[in-house]
Amino acid sequence: MTQIELRGIQKFFGDVQVIKDLNLDIGSGEFIVLLGQSGCGKTTTLRAIAGLETIDEGDILIDGKVVQHIKAADRDIAFVFQSFSLYPHMTVFENIAFPLRAMGHSRAEIDSEVRDVAKVLRISGLLDKRPSALSGGDMQRVAIGRALVRRPKAILMDEPIGALDAKLREEMRSEIKRLHIEQGSTTIYVTHDQIEAMALADRIVIMHEGILQQVGSPQEVYSHPANLFVAQFVGSPVMNVADVSVKKLNGHADVTMSGAEKGFAFPQELLARLDGAGAKVDGIKLGIRPEGIEVALDERDGYLPLEAHLIEPLGSHDIVDLQVGDEFVRARTRSGFVAAPGTRVFARMDPTQAHFFDAASGSSLGVRL
Ligand SMILES: Nc1ncnc2c1ncn2[C@@H]1O[C@H](COP(=O)(O)OP(=O)(O)OP(=O)(O)O)[C@@H](O)[C@H]1O
């Protein structure tokens, strides 16, 4: 079992700083996903841990030992890339056996280890085949098998299923998770796909422009995003975000989106909470996910009359665009609930699902109702 710590990592390519003071503690047996847009520094971080890339500042510790001066080959960390890089002239068995042969294991050991790994990955029937005869998913299973067979201290995966089609990606995602549950190796997995990150991770590490934005369980980053970047990066469809003004009105807090005539009613305690969080009256952004907006077809107390525009039927539910002033907010409804564009509906925001951000910094104000 292996712990990995990153302490104040800085990395430059020429004048460009691609990792900015990265600190992270990865527990033994944890499945960590590095999530962020292309170019945010995920791959560089992973390569630095593996020893395939140098760092300019900071320390990388594996089980408490500083390793940045230790060669990749001596760190005992396995790396799985998106490109499968199997040896085409070898069988599946030989491909998986390769690292063990290089380490000088006996024939009997190799045979038993390869068969064990093949069983876990459900490729026992393919051991005599060559890579050219395999599907994309099976090739990646073999690549993972080759990485796991020598029981490395940790396994690092860089978009390992990014090149597969959507259905296969979903299948492989479950397999990778199952494998992790069975084997319990410390795993660091890079992806730009937030759904993949949510499905796989014990904890997600969200990066943006080389800066760590938030570390937390999938539920934490979804329900309590630290800032606007995380709020809008995690979750699909994206969280609604709008500039709002908040004032006292008829015994409640009135939250009006810019350009709108009327506001949404929130409990009055919101005013004190925002005040306590140091929010500036004219610098607040409201964030709310589509499921946080409740839509009714009849007029109700505390509901705002709005017009429905685009309706996106997604099978299990619909996403309905509601016009609020000059803007649209997207609400989640039951399938077919709003019959047609142009329908007048009534909507309220669930205060417990609303997020408030400082408009200037983008940071969450930490206000919860
Ligand atoms: N060897 C290199 N020389 C110069 N710049 C590099 C090098 N490797 C990466 N970069 C740059 O560093 C930044 C971070 O790259 P990195 O590959 O870590 O990002 P990423 O988040 O993994 O993105 P992707 O998903 O596209 O791989 C990018 O702007 C990239 O162009």
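Remember, it's 1-based here, ligands and their atoms both numbered in the order they're listed.
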Spatial distance of atom CG (Asp318) from atom CD (Glu312) [nearest 0.5 Å] = 9.0 Å
Polar side-chain atom of Lys20 near backbone of Glu209 as donor-acceptor pair, under 3.5 Å = yes
Tell me which protein heavy atom sits closest to atom 19 (O) of ligand 1, plus the residue, atom name and distance to 0.1 Å.
-> Gly41 N, 3.2 Å
Residues Gln353 and Glu291: side-chain donor-acceptor under 3.5 angstrom | no
Picking from Arg146, Arg151, Arg107, what satisfies salt bridge (Lys or Arg N to Asp or Glu O under 4.0 Å) with Glu113?
-> Arg151
Nearest protein heavy atom with distance in Å, relative to atom 15 (O) of ligand 1 = Thr44 OG1, 3.7 Å
Is it the case that Asp350 and Thr352 place a side-chain donor and acceptor less than 3.5 Å from each other?
-> yes
Closest contact, heavy atoms only, Ile161 versus Arg173 | CD1-N, 4.0 Å
Determine, counting only non-hydrogen atoms of the protein, whether one lies under 4.0 angstrom from atom 9 (C) of ligand 1.
-> yes
Minimal non-hydrogen separation, Val338 against Ala308, with atom names | CG1-CB, 3.8 Å
Any N or O on Gly39 sitting closer than 3.5 Å to an N or O of ligand 1?
-> yes
Is a side-chain donor or acceptor of Ser361 paired with a backbone partner of Ser363 at a separation under 3.5 angstrom?
-> yes
Under 4.0 Å from atom 31 (O) of ligand 1, is there any protein heavy atom?
-> no
Which residue and non-hydrogen atom of the protein lie closest to atom 25 (O) of ligand 1, and at what distance in Å?
-> Lys42 NZ, 3.4 Å
Ignoring angles and geometry beyond distance, decide whether Phe13 reaches within less than 3.5 Å of ligand 1 through its nitrogen or oxygen atoms.
-> no
For ligand 1, does Val18 get within less than 4.0 Å through its side chain, its backbone, both, or neither, judged by non-hydrogen atoms?
-> side chain
Number the atoms of ligand 1 from 1 as they appear, then name those within less than 4.0 Å of a heavy atom of Gln37, with their elements.
-> 21 (O)
Short list, please: which atoms of ligand 1 are under 4.0 Å from a heavy atom of Cys40?
-> 19 (O), 20 (P), 21 (O)
Any N or O of Ser38 that comes nearer than 3.5 Å to an N or O of ligand 1?
-> yes
N/O to N/O below 3.5 Å, does that happen between Thr43 and ligand 1?
-> yes
